[in-house]
Amino acid sequence: MEQLPDVRRLLEKDEVLKKLAETKKEHLSRALKDCGNQVPCYTAPMKFTPEEIQLVSERLSTLYAPTNELGTLVGQHLIPSGTYILHAKALPAEELLIKAWEQDANAVNHILEVYAEGKKPNYPAIDSIAFKVHSKSFSTLVWDVTEMVRQEEKGALFFRPSLAFALRILEVNDRSEAADYEPMETTVNGAAFSKARKVDWKTYTYSLILIPGAGPSNPDEALSPGGKLRCRVGALRYFDGVAPFIVVSGGRVHPYKTKYSEAYEMKKYLINELKVPEHAIIMDPHARHTTTNLRNCVRLLYRAGMPVDKPCLVSTMRQQSYYITRDLFEQRCLKEIGHIPYRLGNRLSDTDFEFYPVLDALQIDNDEPLDP
């Protein structure tokens, strides 16, 4: 909506949507004068109310036509991205647009609830707010965020003031994990993505070898002992020639607010200690738990143009290997990310098993802002 000029102009001209943007911006100015030390006074009106969400849904439905700008947005961008693939399977284009808006409006609300109001996230031990929400210093910080957004947001797009407020709240919490190393296809994964376009896939049993991350318990430790061992078993399979790529998966997760990225540290270890070439390593620095180790791996496979009907290999240590292949892990995937992003294949050993990618993995996760 923001990046396509024709769509942006259509939405900015709509009087109802323009009024919503003005209402949010008016709140910013009013809050600076009236809210004092009361953090909810700043944040609550920046969230989208159920009535506002419904209002926008009705306007999008009215404005939508298969042949106009919103039709182009859905047909040429939203659906091909796969980002709403679970909804696209069941909904016509107009309803898909509305569902995407409603989901993402609630995602903005969720960010403000967790990182400004102190609501517990899905994983409190690693993803909680960085501040004491009732402290005077935090209310002062929220005042400053409000003033910054007031100065920066001059446009008429209906969602911009709230989105900008949520992004600034993430920024002051030092929670930029979702953007780590981006754009990866031209930076840390550039060499591997270039190589993927030239691979003769018939010569390999597997598309890739996934090594799930293992965070250390010591904040001064870059890579855990378990992470090193997982790298070693994955490197063995790579040098056996079963796949042209290794995916290392794990973000800045353990311990709380660690500065070390599991994927980045594993990549360094594979290159420097195990002599795996950089063009054979793909980083997923965003996964925050084992379910998204697999999900994000499927996303990278798809984005790199690898075959989606070919099996992949998970190489890790025994305990985690058997944990992932239990029925309870599938149930965890359904509960936490809403789908199962893989189909199990054969178990090859205590440390290795096959899986097949499932493209439901492309679906964005609206209540996990650090790994959406």
Side-chain angles (χ1 to χ4, degrees), residues 1-3 8 11-57 59 101-122 124 127-180 182 256-257 364 366-372:
M1 289 179 171
E2 187 171 25
Q3 294 178 359
R8 180 176 185 138
L11 299 176
E12 286 180 332
K13 288 190 299 183
D14 184 84
E15 291 300 325
V16 174
L17 298 180
K18 187 188 299 185
K19 177 61 177 175
L20 178 58
E22 291 171 356
T23 298
K24 296 296 186 184
K25 286 190 282 189
E26 287 169 4
H27 165 70
L28 293 168
S29 298
R30 190 166 56 250
L32 293 169
K33 298 176 183 177
D34 299 341
C35 288
N37 294 331
Q38 302 302 310
V39 170
C41 177
Y42 295 93
T43 58
M46 296 312 295
K47 293 186 285 187
F48 295 106
T49 67
E51 294 75 18
E52 289 169 340
I53 292 173
Q54 179 62 29
L55 174 71
V56 173
S57 296
R59 292 308 301 159
W101 147 248
E102 292 174 350
Q103 173 179 297
D104 292 349
N106 284 307
V108 170
N109 290 353
H110 180 73
I111 290 171
L112 294 178
E113 288 166 357
V114 172
Y115 292 102
E117 297 173 357
K119 176 183 175 181
K120 284 187 177 181
N122 295 333
D127 292 339
S128 293
I129 188 172
F131 304 97
K132 295 180 179 179
V133 294
H134 300 299
S135 68
K136 184 176 180 181
S137 61
F138 183 58
S139 63
T140 299
L141 184 65
V142 174
W143 190 100
D144 292 337
V145 167
T146 305
E147 171 63 7
M148 197 70 262
V149 175
R150 185 195 68 80
Q151 290 189 34
E152 290 179 339
E153 293 304 313
K154 304 298 183 183
L157 271 176
F158 67 92
F159 58 84
R160 271 301 311 182
S162 294
L163 177 60
F165 197 86
L167 290 173
R168 295 291 78 75
I169 287 293
L170 281 175
E171 185 176 47
V172 298
N173 274 271
D174 194 25
R175 287 300 196 177
S176 61
E177 285 94 331
D180 279 355
E182 293 286 8
Y256 177 73
K257 294 197 76 174
I364 196 168
N366 62 301
D367 68 349
E368 286 290 352
L370 307 188
D371 181 22

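Note that the numbering runs from 1 along the sequence shown for the chain.
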Intermediate values then yes/no, side-chain contact (heavy atoms from CB on, under 4.5 Å), Arg175 and Asp127: CA-CA 9 Å; Arg175 287 300 196 177; Asp127 292 339; 4.3 Å; yes
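- In this structure the side chain of Leu157 reaches within 4.5 angstrom of the side chain of Arg8, judged on heavy atoms.
- For the pair Gln103/Ile364, a side-chain contact is recorded, criterion being any heavy-atom separation below 4.5 Å from C-beta on.
- Here the side chains of Glu368 and Asn122 are in contact, with some heavy-atom distance below 4.5 Å.
- The line from CG of Leu20 to CD of Glu15 is 13.0 Å long, rounded to the nearest 0.5 Å.
- Residues Pro161 and Val149 share a closest heavy-atom pair of O-CG1, 3.9 Å.
- Nearest heavy-atom pair, Glu12 versus Lys18, reported as atom, atom and distance to 0.1 Å: O-CE, 3.2 Å.
- When atom types are taken as modelled, the side chain of Lys257 and the backbone of Asn173 share a donor-acceptor pair closer than 3.5 angstrom.
- Here the OH-CD1 distance, from Tyr115 to Ile169, works out to 12.0 Å after rounding to the nearest 0.5 Å.
- Here the shortest heavy-atom pairing between Leu170 and Leu370 reads CD2-CD2, 4.3 Å.
- More than 12 heavy atoms of other shown residues, nucleotides or ligands fall within 6.0 angstrom of atom CD in Gln151.
- You'll find the side chain of Phe158 stays beyond 4.5 Å of the side chain of Val16, heavy atoms only.
- Listed for the Glu52 side chain is a donor-acceptor partner under 3.5 Å among the backbone atoms of Thr49.
- No more than 12 heavy atoms of other residues, nucleotides or ligands lie within 6.0 Å of CD in Gln38, so this atom counts as exposed by the packing criterion.
- Counting only heavy atoms from C-beta outward, the side chains of Val108 and Lys47 never approach each other to under 4.5 Å.
- Taken from CG in Leu17 to CD in Glu22, the straight-line distance is 11.0 Å, to the nearest 0.5 Å.
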Residues Phe165, Thr43; criterion side-chain contact (heavy atoms from CB on, under 4.5 Å); working and verdict: CA-CA 9 Å; Phe165 197 86; Thr43 58; 4.0 Å; yes
Donor-acceptor pairs under 3.5 angstrom involving side-chain atoms of residues 134-145: please list them, not counting sequence neighbours.
| residue | atom | partner | partner atom | Å |
| --- | --- | --- | --- | --- |
| Ser135 | OG | Lys132 | O | 2.8 |
| Ser135 | OG | Ser137 | OG | 3.2 |
| Ser135 | OG | Phe138 | N | 3.2 |
| Ser139 | OG | Asn37 | OD1 | 3.3 |
| Ser139 | OG | Lys136 | O | 2.7 |
| Thr140 | OG1 | Lys136 | O | 3.0 |
| Trp143 | NE1 | Leu32 | O | 3.1 |

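- Considering all non-hydrogen atoms of both residues, Trp101 and Ile53 come closest at NE1-O, 3.1 Å.
- Here CE of Met148 is found 10.0 Å from CD of Glu153. Values are rounded to the nearest 0.5 Å.
- The minimum heavy-atom distance between Pro45 and Lys24, with the atom names listed, is O-NZ, 2.6 Å.
- Not one N or O on the side chain of Tyr42 forms a donor-acceptor pair closer than 3.5 Å with the backbone of Leu28.
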Audit row: Glu2, Arg160, salt bridge (Lys or Arg N to Asp or Glu O under 4.0 Å) steps and yes/no: CA-CA 9 Å; Glu2 187 171 25; Arg160 271 301 311 182; 3.1 Å; yes
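- Rounded to the nearest 0.5 angstrom, Ser29 OG and Glu147 CD are separated by 8.0 Å.
- Heavy-atom minimum distance, Ser128 versus Tyr256: O-OH, 3.1 Å.
- Looking at Leu163 and Asp104, their side chains never come closer than 4.5 Å, going by heavy atoms from C-beta outward.
- Of the inter-residue distances, the one linking His27 atom NE2 with Thr146 atom OG1 reads 6.5 Å to the nearest 0.5 angstrom.
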